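Input: a single structure, listed below in structure tokens.
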Amino acid sequence: MALPPHTRSTQLDFPTAQRYKSFMPYSSSTQNLLDGLTEPQRQAVTHIDGPLLVLAGPGSGKTRVITHRAAYLAWTATQPHHILAITFTNKAANEMAQRMQQLDVGRGLTCATFHSFCARMLRIHAERANLRPNFSIFDQADQVAAMAEAVARTGLSKENFPPARILNKISAAKNEMISWQQYADDAYDWQEKRIADLYAAYETVLAEQNALDFDDLLTKTALLLGNDPELRDQLQQRYRYILVDEYQDTNHAQYLIARGLALDHENLCVTGDPDQSIYAWRGANLHNILQFEEDFPNAVVVRLEQNYRSTPQILTAADAVISHNRKRKEKKLWTANNDGPAVAVTECQDGHTEAAYIASQIRQHVDAGGTFSGIAIFYRVNWLSRNIEHALLQARIPYQVARGVAFYGRKEIKDTLAYLKLVANPADRVALTRIINVPTRGIGKTTVDRLLNFAAQTDRPILDILSNPKEIPDVSRAAKHLQSFANLMTGIAQTAETNSIQDTLEYVVRYSGLLAMWNKDTDKEALGNVHELISAATEYDQQHADGSGSLTDWLQQISLVGDVDAIDHQLGAVTLMTLHAAKGLEFDTVFIAGVEAGLLPHERSNNERADLEEERRLCFVGMTRAERSLTLTSAHWRNVHGIIRRTARSLFLTELPKDSVTWLNIGQEGKTVDHDDDGQRPASANDYLTWQKGQLVRHPTHGIGRVLWIRPASQGTYAGIHFAAEGEKTLVLEYAKLELIEPDELP
DNA sequence: GGTCCAACATTTTTT
DNA sequence: ATGTTGGACC
């Protein structure tokens, strides 16, 4: 079959493009792409021009559809470099690029996250966006530092205006594309007006430092596309086919970007699942996917509802939970997969028991021939990983924690990188103040203040002033220290100029005195982490041996790593991550820990139904990651902030179906406690079975009371308790915060 | 200007 | 329970 003529001619416009595979026989290559696809999948893959919405339930082969569709486009309609695929994580982007190569499509396809794509665009088109191409990207901590400065400048107190909280509000505004001017116009009371002031001041602080925060990457790109039709045309010429994955989690700015890039050709394909929307708290707007058909009236809609991932048991359980959401589009998930084991719910005595139980289950699974890398443990909050890590360590089970962001947030890593960031962007004051005296080199707070003041007054680059420190008023004794710091920075800059990033990093660590400092502190952990950083740099150097890399690019890549990007499936280790990070992944065996009231659903989101529904979706996402085996665990007692608290059963556990779920109670020693056998669901939490009439208990508000009777029922364990002040009360033991009092504890 | 200790928050989820 | 910050003291 002949190729459309326009695809050939465009090759001249883009000389870097790989050879066009017109010599490949059309029929065999495209046939391979369609082999083994179901009808709806095939429909999505072969759709070429015009908007396309793929509503894809969990495990419905969405990734396969996306990659095959991109390949199909590249074979039949266009060249790879006209295709832009936006994924949710860098890892997904890399995997997609890899798969495209396996499909022999050729290079040139752009796979990126929204953030990395935007950062790239803003550097290339910096002048048009009113930026300098070497801008810094500020992470959470940098943003807090910048905001702290803004607060100080505005003359407000950090106590009344905590930087982190203000940043949340400003981030929400930016996601909605609300500028500081507009925010000021909309401010309706004193508090809001001050926040508007801070927004403005914060923007100034960032601009002075040639810095953008994460949200700026999106908003500035969206603005650029909106205000610069010439550039938008240029980009639309380049990116003729656009795919956006996980569309249910896009915010308004991301929506504008996707729409802006596809404004004229409308070749926008979005995929997602409203039931897996879990990022509303950071501005994700479910309307984007729900109203896609109104946005693009000639949109084709494809539904992928057959699940290829999970057993019927897992799918039934997950579906039972999610069907409790009222605000949702009904969807029938089904699978032709073989039966597997029942979904397990294991209620444990406490967090240690829970962790030990998971470890022992993993041992058992691997002894029976399973692999570590097929296992994942999810949790709602990061701190839950502590117990589990401890238990895995003791059981000698290899594990990895998806914590890319936390790694780059470590002090020693941030310190090391700050030297490089300062070289890449000398205006980066946050980086400068971070390391000017780390390790200590006799430059104290007063000196730094004088330096910054002088720089602000004279409006000269700080590094210039540093090289001539005697010009700074009132700085005499510290001048020579400033001078040597300036020399150090010059040395690093020169090294960076001509050497690999690895070499530059090693230069920094050695000549800055950081290495000596860590050695002195016998801070083995810091050293290890920095070695890891250096290996990351080595890897980058190797990947860019052709000279395509740069310091700015490396720093950018690091700024935009996500938690999941850190995991390596080849490692042969159990994977630990938050439920949020688990999106899009799949594992043979999944444990979800801490499935208890207050944790999942999280107590901070109990107030509104919308929040509760998002928690339920989160639970749904976690459950549907499992292919064969799914275990939900909880603890009756949970150590929070060092205080041991009684927990209640999670609402979501009560929503599980009666069939295909087995319940288990684990006592302190990890032994199975007998549980009632009236069916599939336990009638009571079994540690209460040891409670007896006449025992004394303490209630947080009612005080001390005596147990009159206990009666297990299907909804929980009921007990009549006589309190001195209020007489007899009937309480549900699972929900009342009762503590057992030992007789010898009393006066 | 540097060091040490006590008070303090910290824990929702993240690019 | 743990890590960070700020203030007192050297």
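Keep in mind that this is a model prediction, so the values were computed, not measured. Labels below follow one simple rule: chain letters A, B, ... track the order of the sequence lines, proteins then strands, and each chain is numbered from 1.
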Options B/dT12, B/dG1, B/dT15, nucleotide nearest the side-chain atoms of A/Thr446: B/dG1
If I pick the C1' atom on B/dT11 and the same atom on C/dG6, what distance separates them, to the nearest angstrom? 23 Å
What's the CG-C1' distance between A/Asp213 and B/dT14, to the nearest Å? 13 Å
Separation of A/Phe88 atom CZ from B/dT14 atom C1', in whole Å? 8 Å
Separation of atom OH in A/Tyr279 from atom P in B/dT15, rounded to whole Å: 6 Å
If the plane angle is over 60° it's perpendicular, under 30° parallel, otherwise tilted; pick one for A/Tyr199 and A/Tyr183. perpendicular
Regarding A/Glu596 and A/Arg638, does a basic nitrogen lie under 4.0 Å from an acidic carboxylate oxygen? yes
Does A/Gln140 reach a base, just sugar-phosphate, or nothing at all? Heavy atoms under 4.0 Å. base
Residues A/Lys62 and A/Asp273 bridged, charged N to O under 4.0 Å: no
Given atom CD of A/Gln276 and atom P of B/dT14, what is their separation to the nearest angstrom? 17 Å
Give a yes/no verdict on base stacking between B/dT13 and A/Trp281: centres under 5.5 Å, planes within less than 30° of parallel. yes
Give one of base, sugar-phosphate or nothing for A/Asn639, where a contact means two heavy atoms less than 4.0 Å apart. nothing
Reckon A/Thr89 has a side-chain N or O less than 4.0 Å from the OP1 or OP2 of B/dT15? no
For A/Tyr255, give me all partners under ring-ring contact (aromatic ring centres under 6.0 Å, His included), at least two apart in sequence or on another chain. A/His252
B/dT13 versus C/dT4 - spacing of their P atoms, nearest Å: 16 Å
For A/His580 together with A/Trp281, are the ring centres under 6.0 Å from each other? yes
Please determine whether a side-chain nitrogen of the Lys or Arg among A/Arg617 and A/Glu614 lies less than 4.0 Å from a carboxylate oxygen of the Asp or Glu. yes
Tell me: CG of A/Leu579 to C1' of B/dT14, nearest whole Å? 14 Å
Ring-plane angle category for A/Phe88 and A/Tyr279, please: parallel below 30°, perpendicular beyond 60°, tilted otherwise. tilted
In whole angstroms, how far is the P atom of B/dT15 from the NZ atom of A/Lys220? 22 Å
Work out which heavy atom in A/Lys583 is nearest to a heavy atom in A/Arg625; give both atom names and the distance. C-NH1, 4.4 Å
Using the test side chain to side chain contact (heavy atoms under 4.5 Å, CB included), find all partners of A/Glu532 that sit at least two apart in sequence or belong to another chain. A/Phe407, A/Asn529
Partners passing ring-ring contact (aromatic ring centres under 6.0 Å, His included) against A/Phe214 (at least two apart in sequence or in another chain): none
Report the residue (A/Leu618 or A/Arg441) whose heavy-atom-nearest nucleotide on DNA chain B is the more 5′ of the two. A/Arg441
So does A/Thr440 get a side-chain nitrogen or oxygen closer than 4.0 Å to the phosphate oxygens (OP1/OP2) of B/dG1? no
Output the rounded distance in Å from CG (A/Asp565) to P (B/dT14). 12 Å
Assign a letter to each nucleotide of nucleotides 5-10 of chain C from its 5' end: B, base within under 4.0 Å of a protein heavy atom; S, sugar-phosphate only; -, no contact. -S----
Could you write nucleotides 6-11 of chain B as a row of B, S and -, 5' to 3', where a protein heavy atom under 4.0 Å of any base atom gives B, of only sugar-phosphate atoms gives S, and otherwise -? -----B
Side-chain contact check for A/Asn437: nearest option of B/dG2, B/dT14, B/dT15 is B/dG2
State which of B/dG2, B/dG1, B/dT15 makes the closest approach to the side chain of A/Ala478. B/dG1
Side chain of A/Thr447: nearest nucleotide among B/dT3, B/dT15, B/dG1? B/dG1
Can you name the residues that form a side chain to side chain contact (heavy atoms under 4.5 Å, CB included) with A/His324, not counting sequence neighbours? A/Arg616, A/Glu655
What is the distance, to the nearest angstrom, from the NE2 atom on A/His352 to the P atom on C/dA1? 10 Å
Nearest-nucleotide check on DNA chain B, A/Val405 vs A/Gly444; residue mapping nearer the 5' end is A/Gly444
